[in-house]
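I have placed the structure first, in the form of structure tokens, so that the comments after it can refer back to it.
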Protein chains: 2
Amino acid sequence: MRIGWIGTGVMGASMAGHVQRAGHELVVYNRTRAKAEGLLAAGAAWRDTPKDVAEATEVLFSIVGFPDDVEQTYLGQSGVLTADDPPGIIIDMTTSRPALAREIAEAAGGRGVRSLDAPVSGGDVGARNAALAIMVGGDRSAFDEVLPLLQRLGANIAYMGPAGAGQNTKMCNQILIAGTMIGVCEALLYASRSGLDAQAVIDIIGKGAAGSWSINNLGPRIVAGNYDPGFFVEHFIKDMGIALDEARALGLSLPGLALVHQLYLAVRAQGFGRDGTQALMKALKLLNGQSL
Amino acid sequence: MRIGWIGTGVMGASMAGHVQRAGHELVVYNRTRAKAEGLLAAGAAWRDTPKDVAEATEVLFSIVGFPDDVEQTYLGQSGVLTADDPPGIIIDMTTSRPALAREIAEAAGGRGVRSLDAPVSGGDVGARNAALAIMVGGDRSAFDEVLPLLQRLGANIAYMGPAGAGQNTKMCNQILIAGTMIGVCEALLYASRSGLDAQAVIDIIGKGAAGSWSINNLGPRIVAGNYDPGFFVEHFIKDMGIALDEARALGLSLPGLALVHQLYLAVRAQGFGRDGTQALMKALKLLNGQSL
């Protein structure tokens with residue numbers, strides 16, 4: 001099948017590579033062409049705009065940066081939906097606004113195109129190992145048709161409902177992580193301040209009712225002073241901002257998420273936007289007059 | 001060995017039973033004698049005060065309700081440390097104030113008694129199955145001596161440091177749970193309000209980086225409207241209050257814990273103090289004008 005791929009950053013390049021190795025013909029576009037070189041060297045074709053990719057392909061994936069980039073990709077002047085002969089199915093895998101996913105689905109429908117919003121979790125490692133979780137909203141028949149392709153990318157794939165449902169599920173994921181992370185950082189700060197060996201604390205409390213992926217995977221990095229990014233603070237701020245906007249639109253007060261979002265803004269204000277999300281600890285340390 | 005056991009409630013009765021079945025001679029006291037009947041029927045001896053239990057035993061355990069009960073048990077008028085011939089080792093397994101653990105250890109030292117603070121996690125099920133996590137602070141040699149007894153009660157046992165270190169570790173556990181729970185409840189509230197199937201959301205996000213014991217075990221109960229207690233709201237409020245008091249004494253600001261504590265106070269104010277901790281959802285629903 002001729003498959004379009006827009007967005008060949010850290011995530012996109014790995015993911016498109018899996019599709020390519022499965023024997024599909026790739027047609028790619030990325031804002032920075034250099035990041036597509038690996039795929040091009042392996043036989044992918046290049047096009048200069050999303051519209052041109054759309055003209056040349058039957059199924060089109062995108063995974064770009066921010067909701068504005070998604071909007072530009074699909075609804076912009078040289079966007080996918082301006083193509084004379086658009087793909088039958090489009091799949092945006094960026095973490096983006098649920099309302100935008102619905103808007104794109106509606107515009108796509110007007111062109112006879114079926115749309116899916118399919119954000120992922122699992123980070124660069126998950127993308128590389130084809131072990132992503134993929135949360136899908138949109139047209140059910142399109143989901144069934146592209147499922148074999150999605151199975152090349154992820155290990156844990158769920159159809160969640162109509163357009164926007166994939167994005168909303170990803171928001172649930174991020175809200176859950178936000179709460180867990182404040183618990184992780186406050187627990188570890190209390191541990192060190194009360195004179196405990198913080199790693200020993202993780203070792204015992206991480207196995208029981210307080211256990212989580214975050215305490216067991218990011219906790220040890222915090223203890224070791226390792227703030228290298230698995231997932232960037234600034235991307236997490238973007239996601240929490242989307243969740244808070246959407247919650248406000250739903251008339252929903254989420255005080256925990258709002259607090260954690262504010263603390264992450266403080267992390268970024270201190271210049272740590274390109275740290276990993278475990279750098280929430282830095283805001284809590286600064287708040288408590290500790291050195292970093 | 002003749003072992004004293006003070007506090008034969010839901011947790012204590014199960015735990016003392018394991019010690020008894022290991023072949024030790026039990027001497028028990030509980031505020032409400034009826035709750036000790038099972039142990040007495042199985043051969044335990046009864047005494048009318050903690051002091052009397054202390055006179056009769058070599059190692060003495062306690063697991064009672066609140067820090068005031070712990071203080072009364074050890075330092076009160078008929079307390080353990082008023083015994084003429086106190087046990088060589090005392091082990092308080094109540095979740096209690098770290099400062100009180102240090103106070104008891106000091107008073108015990110003055111009587112030639114070695115003291116341990118050894119709070120547990122794992123709830124009534126963990127107590128029944130001898131699968132508790134046990135976090136121990138205090139005298140290291142005493143820990144080594146009673147470890148075989150602790151191994152009758154728990155599967156995951158760690159020596160954490162001097163007196164109070166067990167309690168401080170338990171506080172870390174509760175701080176971590178507090179953060180995780182606000183994430184769980186806000187994520188599930190967002191899920192239902194945005195039209196998702198909340199159980200389907202748990203099924204996909206519970207496996208990845210957002211995963212935790214809480215979302216995978218308490219999440220489905222929330223979705224099912226099941227607020228039966230694994231661990232009472234009012235006990236969790238007690239524990240968070242201890243953590244906040246101790247943090248204040250350490251000069252430590254923990255904004256996430258403070259917020260969650262306030263929301264749990266609202267849960268109790270609405271009359272749900274005897275619900276399980278997943279009833280945090282009730283505070284968030286009320287906050288958002290939803291019916292329960």
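Everything numeric in this text was worked out from a predicted model, so none of it was measured. Sequence lines set the chain letters: A, B, ... in the order given, protein chains first and strands last, and positions in each chain run from 1.
A pairwise comparison of heavy atoms in B:Pro255 and A:Leu284 identifies CD-CD2, 4.0 Å as the closest pair. The minimum heavy-atom distance linking A:Asn288 with B:Ser253 is given by the pair OD1-N, 2.6 Å.
For the atom pair CD1 of B:Ile177 and OG of A:Ser212, the computed distance is 10.5 Å after rounding to the nearest 0.5 Å. The OG atom of B:Ser194 sits 9.0 Å away from the CE atom of A:Met160 when rounded to the nearest 0.5 Å. Of the inter-residue distances, the one linking A:Cys172 atom SG with B:Ile205 atom CD1 reads 5.5 Å to the nearest 0.5 angstrom. Between B:Leu252 atom CG and A:Leu189 atom CG the span is 4.5 Å, to the nearest 0.5 Å.
Chain B forms more heavy-atom pairs under 4.5 Å with one residue of A:Ala209, A:Gly211, A:Gly179 than with any other, namely A:Ala209. For chain B, the option among A:Leu257, A:Ile215, A:Leu250, A:Ile182 with the highest count of heavy-atom pairs below 4.5 Å is A:Leu250. Among the candidates A:Ile134, A:Asp203, A:Leu132, A:Asn168, the residue making the largest number of heavy-atom pairs closer than 4.5 Å to chain B is A:Asn168. By number of non-hydrogen pairs under 4.5 angstrom with chain A, the leading residue of B:Ala249, B:Gly183, B:Gly230 is B:Gly183. When each of B:Met171, B:Lys170, B:Gln290 is checked for heavy-atom pairs under 4.5 Å with chain A, B:Met171 comes out on top.
Side-chain atoms of A:Glu186 come within 3.5 Å of backbone N or O of B:Gly256 as a donor-acceptor pair.
Proximity to chain A is limited to the side chain of B:Leu259, based on heavy atoms less than 4.5 angstrom apart. Neither the backbone nor the side chain of A:Pro162 comes within less than 4.5 Å of any heavy atom of chain B. For B:Leu196, the part sitting under 4.5 Å from any heavy atom of chain A is the side chain, from C-beta outward, and nothing else. Proximity to chain A involves both the backbone and the side chain of B:Ala165, based on heavy atoms less than 4.5 angstrom apart. Heavy-atom distances place the side chain of A:Leu287, and not its backbone, under 4.5 Å from chain B. When heavy atoms are compared at a cutoff of 4.5 Å, A:Ala178 does not approach chain B at all. With a 4.5 angstrom heavy-atom cutoff, A:Ile204 touches chain B via backbone and side-chain atoms both.
Residue B:Glu106 places its CD atom among 12 or fewer non-hydrogen atoms of other residues, nucleotides or ligands, all under 6.0 Å distant. Surrounding CZ of B:Arg221 are more than 12 heavy atoms belonging to other residues, nucleotides or ligands, all under 6.0 Å away.
The side-chain contact (heavy atoms from CB on, under 4.5 Å) test with A:Tyr190 is passed by exactly one of B:Ile175, B:Leu176, B:Thr169: B:Ile175.
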